[in-house]
Amino acid sequence: MEYTADEKAIYGALWKKEASQTGVVDAGDAVELLRLSTLDDDILFKVWELSDPDEKGHLEEDMFFRALKLIAVAQAGLEVSLSNLPKATKIADLGKATKDLSYLIKPAAAAVQSSTPGAAASAPVGDDVWAIAPEDQARFNNVFKSLGPDANGILGGKRARQVLTKSKLPTAALCRIWEVSDIDQDGGLSLHEFSVAMNLVAKCLEGREPPEVLPDCLLPQGSKASSTPAAPPAKTPPAVASKPKPAPAAEPSVAPSGDIKWAVSDGDKATYDRFFKSADKDGDGLVDGGGVMKIFVRSKLDKPTLAFIWELVDINKSGQINAEQFALAMHLISIKVKGGTLPDTLTPELIPPSFRGSMPETAPTLPASQPDPTPAPIPQQPAKEPSVNEDADSDVELEEQRRANEALKAQIAAQQAEIDNQGKELSGVQSDIRQLKKEEIELRKRLKAGKDELNQIMTKVREAKNERQRLQANLADRRTKVERTESSLAAQREKHAGLLQSNGAPEATETMGGMSFGDYFGG
């Protein structure tokens, strides 16, 4: 069965999402997905029969595609049959599951263009498998515009990541795509960078691995540095199609901090230090991502968010963080768990104290739409020598605050434990539902087998009834013939007896072997 490019993209993305590690979709998960079509169970049962003719109890990739194609057949108002598969021209409608992947569908105009003479001349040729086709570029342009980039033509990192994560690609693949697509490493995407990212996502959904470095065919025409002044004034608006020149890779992409108080409180820092020591197995004061991920995942945040937090705190891009960076990561995780918004870059109060001395004296160039992060001068109050009472009061307040924080953390831990328990219960319920769905499918199969057996028995009963009626008709016909024969014989006897009487012949009484002549001739 041949599938269109849109069907391959949508159904392939659904397959990557639903398939287990064994490369199949279990019956329960498949039924749950197919029911999103809102079709009747009888139709879904027919779809399952045609998709799983060998009764394997699961769907492999080709069977999965066939099931979705049959759903499209039913939704088109056609009879669910394999012969009608080529007649289904639309993507199966599975509600939100397919709506979230609609960005993978090529617009009709692009499809028409690709089928017209001369269109092939503009398509990518040769070994440039990563090149962006013109019709894809037009689609990416529309998507980018709909996402609302800022006045400088830049799409914020958070919004861009939300779009890319809808592809359900593995986190490692998405991180690599982001690294090569964000060409100037400024945390946002221009139209060209967004198109590169979307193109790489589409290629990966077709089964390719994301490239380690950006292919030459995806590099922008001309360097961005040449289209941007080498040292623009801090308030000069950059061109809409360009972005500020990135800082050298060795410099952390954060704003200067001065003497601003660190956002992580001393009490929280002390708590986070205990976690850090448990992760720092060799005691060298540094841990890598693998060493702290077990701690981070307890927050229940999704992996792309945790990867973004790591990107923020790994300021020098060494792949390792110290205790301050770890505390900052825990602080950002706490913000996100409480429903807050993560910053795109580290603001001055977030920069760890050990990194502030090595920061550049001037802030990196920012787009005109963003405010200058350099804080306004703060009026200095005359220095005042604290008294002993003030110090004591401060110590008491700190102790009370510490106790309040400990109580709050204990409460959060208890709530987290309760959430974990509820999650386990929910997982158990979902497992029971999947088992019940499997049993339902098995019962439906048995019911169908019973119906087939009953139909066979009824056929045999009808055949036996017809045979009985035939035999009864044959018997009645024979009885009629016998009756006619007996009537004919009786008439002949009467005629014979009359002849004997008219001739005056004496009644024969002589016997032959013990039988009279009358008995012998039927008299």
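No hydrogens, no waters, no symmetry mates; every other heavy atom, side chains included, goes into these values. The model shown is predicted, which means the values in this text are computed figures rather than measured ones.
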Taking everything shown except [X] itself, do over 12 heavy atoms lie less than 6.0 Å from its [atom1]?
X	atom1	result
Glu311	CD	no
Glu209	CD	no
Asp420	CG	yes
Gln415	CD	yes
Lys437	NZ	yes
Lys269	NZ	yes

What I'd like to find out is whether the side chain of [X] reaches to under 4.5 Å of the side chain of [Y], using heavy atoms alone.
X	Y	result
Leu346	Leu328	yes
Phe144	Pro149	yes
Ile333	Ser299	yes
Leu33	Phe64	yes
His58	Asp29	no
Arg66	Val47	no
Leu189	Asp182	yes
Ser190	Leu155	no

Write down the atom of [X], the atom of [Y], and the distance for their closest heavy-atom approach.
X	Y	answer
Gly319	Trp310	O-CZ2, 3.5 Å
Leu94	Leu34	CD2-O, 4.4 Å
Ile71	Ala92	CG2-CB, 3.9 Å
Ala197	Ile177	O-CG2, 3.9 Å
Leu312	Pro343	CD1-O, 3.6 Å
Ile351	Phe355	CG2-CB, 4.2 Å

If the condition is side chain to side chain contact (heavy atoms under 4.5 Å, CB included), which residues does Asp216 pass it with, not counting sequence neighbours? Leu219
[atom2] on [Y] to [atom1] on [X], rounded to 0.5 Å:
X	Y	atom1	atom2	value
Ser51	Leu68	OG	CG	8.0 Å
Asp93	Ser37	CG	OG	8.5 Å
Leu306	Lys300	CG	NZ	11.5 Å
Glu193	Met198	CD	CE	14.5 Å
Leu426	Gln430	CG	CD	4.0 Å
Lys203	Glu206	NZ	CD	5.5 Å

Does one side chain, of [X] or [Y], offer a donor that lies under 3.5 Å from an acceptor on the other?
X	Y	answer
Asn141	Gln137	yes
Thr305	Asp302	yes
Asn316	Ser318	yes

Heavy-atom donor-acceptor pair, [X] side chain to [Y] backbone, under 3.5 Å:
X	Y	result
Asn421	Ala417	yes
Gln325	Asn322	yes
Asp54	Lys56	no
Ser427	Gly423	no
His192	Leu218	yes
Arg176	Pro211	no
Asp280	Gly285	yes
Asp26	Gly28	no
Ser181	Trp178	no
Arg208	Ala202	no

From CA spacing to verdict: side-chain contact (heavy atoms from CB on, under 4.5 Å), Val25, Glu60: CA-CA 7 Å; Val25 177; Glu60 298 169 4; over 6 Å; no
Please determine which of Leu39, Ile43, Leu85 meets the side chain to side chain contact (heavy atoms under 4.5 Å, CB included) test together with Val80.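 Of the listed residues Leu39, Ile43, Leu85, the side chain to side chain contact (heavy atoms under 4.5 Å, CB included) partner of Val80 is Ile43.
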Taking the inter-plane angle between the rings of Phe276 and Phe326 on a 0 to 90° scale, is it parallel (under 30°), tilted (30 to 60°) or perpendicular (over 60°)?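 Plane angle between 30° and 60°, so tilted.
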If the plane angle is over 60° it's perpendicular, under 30° parallel, otherwise tilted; pick one for Tyr3 and Tyr11. perpendicular
Any chance you could lay out the side-chain contact (heavy atoms from CB on, under 4.5 Å) test for Leu36 and Thr98, step after step, and finish with the verdict? CA-CA 10 Å; Leu36 297 177; Thr98 47; over 6 Å; no
Salt bridge Lys261-Glu349, side-chain N to carboxylate O under 4.0 Å: no
Do NZ/NE/NH1/NH2 and the carboxylate oxygens of Arg139 and Asp136 come within less than 4.0 Å? yes
Let me see the working for Leu205 and Leu169 under side-chain contact (heavy atoms from CB on, under 4.5 Å), right down to the final yes or no. CA-CA 8 Å; Leu205 288 175; Leu169 286 174; 3.7 Å; yes
Sort and list the pairs that fulfil salt bridge (charged side-chain N to carboxylate O under 4.0 Å, His left out) and have at least one residue in residues 69-88, not counting sequence neighbours. Glu7-Lys69
Would you please test Arg298 and Phe275 for side-chain contact (heavy atoms from CB on, under 4.5 Å) and show each step? CA-CA 12 Å; Arg298 296 176 188 172; Phe275 288 103; 4.1 Å; yes
